[in-house]
Amino acid sequence: MPQPTPAFLVVSRTDTAPSMYPLTAQRHVIGRRPDAEIVVDHSSVSRSHAALELGPSGRWWLLDLESTNGTFVNGARVTERLLNPGDVLRIGDCTLVLRLASMPDFPSPLANTYGLPPAAPRSERTRTIDSMPMTHIGQFVSAEHLASVMALGRSLMRLEQPESRLIALCEFAVSEVSPAIGAAVARVSGEYESTALCGPFNRTTREIGMRIEPTIIRQLWQRRQSVLVGPSEARDLNPESFTPPDVTVILVPLASFASTVDALYVEFPKRSSTAEWMTLLTLAAEAYQQAELVWQMRQQVRQSALVEGELEMACQIQERLVPRSFSISALELGIGFEPCRWVGGDYADAMSLPDGRVLLGIADVCGKGLQAALVASSIHTLVRASCELAKDLPGLMLRINDYLLGYLPEHSFVTMMCIAVDCETGDLEVVSAGHPGAIVIRGARELEVLQESENVGLGMIQTGFVSFQSRLDVGDVLLMYTDGLTEMVNSQGEPFGSERLAAEFCRLVSLNPTASVESMRRRLTDALNTYRGARTAADDRTFLVAARRSTRTMLPATTPSP
């Protein structure tokens with residue numbers, strides 16, 4: 001799972017000041033619950049209203065948790081939505097906005113959260129854009145200048161390469177719209193050093209100096225705002241200033257990061273050192289920032305579309321590996337398979353063995369996501385390829401274990417249970433490798449748990465495996481499951497547990513012992529969903545139900561899901 005990109009959620013209501021929540025975990029629940037990661041205490045908000053989850057492509061998903069008043073993104077009601085930076089969310093009477101820490105308007109209250117330096121007191125000598133008198137704005141900057149800024153913005157939207165956008169910004173600064181001598185884009189650091197990213201571009205034959213004085217960098221670093229420093233001010237700040245006596249320097253921040261700031265550096269003749277030109281360049285920088293945000297969002301959409309497309313294909317492939325029907329007169333089978341998100345690390349299968357028995361298999365790969373899904377798929381392939389070669393179930397487990405020892409990532413393992421059913425006699429051969437015990441309902445009322453053996457999980461150590469015997473009489477019903485069922489929690493955080501699962505399954509079977517296995521599968525799924533409520537699944541959920549109906553057998557045929 002990727003680490004979250006530094007981001008935060010701004011929550012506001014008409015009657016309160018905005019609150020900002022850093023998004024530093026993989027999942028954030030939004031609601032009135034005091035223990036929610038993002039608490040929004042308002043009557044229009046459900047206790048567990050929505051959740052933000054980090055997707056496999058590194059972007060945030062918004063999930064509605066079956067709220068009373070709904071969850072909206074940009075005015076449209078949603079149950080699940082991939083978010084873009086700047087999207088406006090509405091939850092009850094509250095407005096929420098997703099922002100990235102790298103955005104130009106990243107708020108100073110969260111600066112320390114991401115390592116940004118605190119703002120220092122203003123210098124009385126250095127002027128910034130918000131302290132300049134605007135009484136003379138318009139003397140030189142006209143409607144034509146403003147139109148040129150808009151044209152720059154449109155041009156930046158068409159330039160896909162970042163270097164081309166920087167060049168366009170510098171060329172704008174030294175074009176006919178302003179009297180600038182030269183321009184460049186520099187990256188300055190907290191050590192008050194600068195490095196050229198683009199340029200310099202000269203309007204005249206005079207070479208502009210790309211050595212930005214540390215005293216000027218300090219002002220930009222502390223303010224994160226446009227800075228204008230004239231020749232006399234530069235010498236007041238630093239008597240050994242190397243800024244030419246007839247030059248005014250303007251620095252306009254373009255992007256702020258934890259340890260650097262990218263800025264547009266422009267030199268003007270002393271006679272043109274007015275706030276008007278700083279205002280014009282600040283507007284141009286804002287057009288550049290907006291274009292960068294748009295291009296960033298475009299790139300994210302492209303990457304996400306690729307990742308989501310691949311995930312969708314992987315999900316379809318994985319679902320097709322799970323049999324949706326298993327036809328044999330003596331044995332009825334149903335499989336419930338629900339990855340917690342996208343693709344999962346659970347495995348379930350059923351197939352006929354060369355000796356006429358039916359093999360039922362279920363496994364749980366440690367972890368989630370693509371890595372676990374790949375391991376689960378390899379187990380499916382290995383079992384299908386090895387069932388005719390292995391002499392018995394311990395031998396099959398040994399082959400799987402040897403394979404996983406060579407390919408599993410460190411600290412990963414697999415729990416697995418295989419049961420071979422003789423449909424004529426009802427004899428069961430069971431091998432469990434650290435997996436939860438299977439449940440058998442006998443005579444529609446008596447409950448028995450086939451306890452797991454002493455075998456350890458697969459892929460951990462080189463070892464042998466032992467099996468044990470049991471029976472499945474006509475009318476008995478068998479349940480094999482992964483711990484995604486027992487570790488599932490409700491709204492109070494209470495796990496479902498193995499005892500509750502066994503009791504609930506026994507109750508469902510006893511209600512109608514002759515009901516189809518498909519009906520039992522649906523009713524168990526409904527019971528699990530009811531218990532979980534609005535909470536998002538935290539683990540894959542897989543189970544297999546088998547019922548022995550008679551002693552007569554016919555050749556089984558498995559059909560994958562469509």
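- Not counting sequence neighbours, the partners of Leu447 by the side chain to side chain contact (heavy atoms under 4.5 Å, CB included) test are Ile439, Ile441, Val449, Ala502, Cys506.
- Shown here are the side chain to side chain contact (heavy atoms under 4.5 Å, CB included) partners of Ala503, two or more places apart in sequence or in another chain: there are none.
- Annotation: side chain to side chain contact (heavy atoms under 4.5 Å, CB included) contacts of Thr415 (sequence neighbours excluded): Asp364, Phe413, His435.
- Annotation: side chain to side chain donor-acceptor pair (under 3.5 Å) contacts of Thr95 (sequence neighbours excluded): none.
- Residues satisfying the side chain to side chain donor-acceptor pair (under 3.5 Å) criterion with Asp402, sequence neighbours excluded, are Gln462.
- With sequence neighbours left out, Arg165 forms a salt bridge (Lys or Arg N to Asp or Glu O under 4.0 Å) with Glu292.
- Here His28 pairs with Trp60 under the ring pair (Phe, Tyr, Trp, His ring centres under 6.0 Å) rule; sequence neighbours left out.
- For Ser44, the side chain to side chain donor-acceptor pair (under 3.5 Å) criterion is met by His42, not counting sequence neighbours.
- By the side chain to side chain donor-acceptor pair (under 3.5 Å) test, Glu504 pairs with Arg507, sequence neighbours left out.
- Side-chain atoms of Ser48 and Arg33 form a donor-acceptor pair, as typed in the model, at a separation below 3.5 Å.
- Counting only residues at least two apart or on different chains, the salt bridge (Lys or Arg N to Asp or Glu O under 4.0 Å) pairs with a member in residues 473-497 are Arg442-Asp476, Arg471-Asp473.
- Taking Phe72 as the reference, nothing meets the ring pair (Phe, Tyr, Trp, His ring centres under 6.0 Å) condition, with sequence neighbours excluded.
- Looking at residues two or more places apart in sequence or on another chain, you find a side chain to side chain contact (heavy atoms under 4.5 Å, CB included) between Ala420 and Leu353, Arg357, Leu393, Glu429.
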